[in-house]
Amino acid sequence: MRQRFGIGYDSHVFGAKRPFILAGVEIEHDTGLKGHSDGDAIAHAVTDALLGAVAMGDIGRLFPDTDDRWKGADSLMMLSEVKYRLVAASYSIVNIDVTVVIEKPKLAPYIEEMRENLARTLALPLNCVSIKAKTNEKMDSVGRGKGLQVYAIASVGGA
Ligand code: MG
C-alpha cells in the first residue's frame with residue numbers, strides 16, 4: 001500500500017452572531033466564527049488535508065463560497081462528501097491529527113465529542129483521530145482572541 005500525507009490549514013475570525021461550532025460541536029462562547037458555511041475551521045482543515053493527500057484540489061474548489069448551496073452549510077457534510085470521493089477512488093484514510101490554536105474558550109471539555117464526530121464522519125476508529133488545542137501565549141491577533149487557526153494532517157493509503 002502506498003502511503004500518502006496531506007496538510008490542511010484554516011483560520012476564521014470571531015464576530016458572527018451564530019453558534020461557535022468546531023468539528024460539529026457547539027461550544028459555549030459569546031460569539032461564533034465568520035464564514036460562508038458554518039465556519040467550522042476543524043472540518044475545513046481536515047477536508048483540505050484529505051484532499052491534499054490525494055491531490056484532489058481543495059475545499060474552495062469543491063465547495064465555492066460563491067455557491068449558495070454551501071451558505072451556512074454543515075461542514076461535516078462537506079467532509080463526508082470528500083471522504084466519499086476518496087473511498088470511491090479506492091483510497092482509505094489511515095489517521096488524522098489536528099492542532100487548534102485558540103486563546104479562549106478552553107476546548108478541553110469538548111475534545112472527546114469533537115473526535116467522536118470526526119471519527120464517525122470518516123468511519124475511523126477513535127484512536128485514529130487526534131485533536132489538540134493550545135493557546136498562542138497571547139501573541140498576535142490569535143493571542144488576543146480575534147480568531148483561531150487550525151492545522152491538520154491526514155495519512156491516506158491506496159492507489
Ligand atoms: Mg474555513
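For this chain, numbers begin at 1 and follow the sequence in order. From a predicted model like this one, the values you see are computed outputs, not experimental measurements. Only heavy atoms go into these numbers, but all of them, side chains included; no hydrogens, no water, no symmetry mates. Atoms within each ligand, like the ligands themselves, are counted from 1 in listed order.
Asp140 has no carboxylate O lying under 4.0 Å from a charged side-chain N of Lys146, or vice versa, which leaves the two without a salt bridge.
Going from atom CG of Leu107 over to atom CD1 of Ile102 covers 4.5 Å, rounded to the nearest 0.5 Å.
Counting only protein atoms, the N, O or S atoms lying less than 2.8 Å from the Mg ion (ligand 1) are Asp10 OD2, His12 NE2, His44 ND1, ordered by chain and residue number.
Taking the six-membered ring where the residue is Trp, the centroids of Phe14 and His29 are separated by under 6.0 Å.
Of all the heavy atoms in Thr121 and Lys83, the pair that sits closest is O-CD, 3.5 Å.
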For this session: Apply the test salt bridge (Lys or Arg N to Asp or Glu O under 4.0 Å) to residues Glu116 and Arg120: give CA-CA distance (whole Å), side-chain angles for both, the deciding distance (0.1 Å), then the verdict.
Result: CA-CA 6 Å; Glu116 283 164 15; Arg120 190 179 56 249; 5.9 Å; no
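No donor-acceptor pair under 3.5 Å is formed between the side chain of Tyr151 and the backbone N or O of Asp10.
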